[in-house]
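Below: the structure, in structure tokens.
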Amino acid sequence: MFAVRIKHLRLARELNQVQLAERLGVKKQSISNWENDNIMPSIDMLVRIADFFHVSTDYLLGRDVQEPAAPQMLDITGLTPRQIEHIQFIVDDLRQSGH
């Protein structure tokens, strides 16, 4: 799950692997290994990645808890990756603030 999510977040920010590596202070090979599910980042790096993308570590690891009630679906058809990322940030902020 981590590999899929980090790649999605990187692409949503319109960053290539080299650019993300520079922003996180790692080598491009690390980004490639994460996205290809070859290795996982350290716990400290996982936190840095979550902070950079404004998501939770649970989200990155695919451990986000959903309510047992029927989930609400949002149609994002036709939106750009950047717009989808913006919506995700808003949703994440609302969840963290308890609203």
Side-chain angles (χ1 to χ4, degrees):
M1 182 57 68
F2 175 77
V4 172
R5 293 214 167 154
I6 191 168
K7 184 173 184 177
H8 170 77
L9 290 167
R10 177 179 62 78
L11 293 174
R13 286 255 182 125
E14 299 178 356
L15 296 171
N16 62 39
Q17 289 182 345
V18 172
Q19 292 167 321
L20 179 57
E22 289 171 353
R23 299 221 176 135
L24 294 175
V26 298
K27 295 184 185 216
K28 182 242 180 226
Q29 188 63 36
S30 294
I31 306 298
S32 178
N33 280 326
W34 298 337
E35 290 185 2
N36 289 313
D37 209 14
N38 293 329
I39 61 171
M40 288 291 291
S42 68
I43 293 172
D44 290 340
M45 181 54 65
L46 185 68
V47 171
R48 286 179 61 195
I49 294 166
D51 289 346
F52 178 80
F53 287 115
H54 305 287
V55 297
S56 69
T57 55
D58 278 352
Y59 172 79
L60 290 174
L61 297 172
R63 297 179 46 93
D64 25 24
V65 179
Q66 292 191 352
E67 297 294 320
Q72 295 292 320
M73 302 301 287
L74 180 64
D75 182 7
I76 57 171
T77 305
L79 297 180
T80 66
R82 199 168 196 79
Q83 291 168 323
I84 294 167
E85 180 188 23
H86 184 71
I87 290 169
Q88 184 64 55
F89 288 155
I90 292 169
V91 170
D92 291 341
D93 286 343
L94 290 170
R95 284 186 180 134
Q96 289 175 3
S97 68
H99 293 101

Just distance, no hydrogens or angles: give the donor-acceptor pairs under 3.5 Å from side chains in residues 38-49, sequence neighbours left out.
residue	atom	partner	partner atom	Å
Asn38	ND2	Asn33	OD1	3.2
Ser42	OG	Met45	N	3.1
Arg48	NH1	Leu24	O	3.4
Arg48	NH2	Leu24	O	2.4

Measuring from [X]:[atom1] to [Y]:[atom2], what's the distance to the nearest 0.5 Å?
X	Y	atom1	atom2	value
Asp51	Thr57	CG	OG1	9.5 Å
Trp34	Arg10	CH2	CZ	12.0 Å
Gln17	Gln29	CD	CD	8.5 Å
His8	Glu35	NE2	CD	12.0 Å
Ile90	Glu85	CD1	CD	11.0 Å

In terms of hydrophobic clusters joined by side-chain contacts under 4.5 Å, are [X] and [Y] together?
X	Y	answer
Val91	Ile84	yes
Phe52	Val55	yes
Leu11	Val4	no
Ile6	Val26	yes

query: Sequence neighbours excluded, which residues qualify as side-chain contact (heavy atoms from CB on, under 4.5 Å) partners of Gln19?
result: Leu15, Asn16
field: side-chain contact (heavy atoms from CB on, under 4.5 Å) against Gln83, all qualifying residues, sequence neighbours excluded
entry: Leu79, Thr80
Arg82 (side chain) donor-acceptor with Glu14 (main chain) under 3.5 angstrom: no
field: Crowding at NE2, His86 (>12 non-hydrogen neighbours, <6.0 Å)
entry: no
For the residue pair [X] and [Y], what are the closest heavy atoms and their distance?
X	Y	value
Pro81	Ala12	O-CB, 3.7 Å
Val18	Lys28	CG2-CG, 3.8 Å
Ala50	Ser56	CB-C, 4.0 Å

- request: Take Phe53 and Leu20 through the test side chain to side chain contact (heavy atoms under 4.5 Å, CB included) and record every step on the way to the result.
  value: CA-CA 11 Å; Phe53 287 115; Leu20 179 57; 3.8 Å; yes
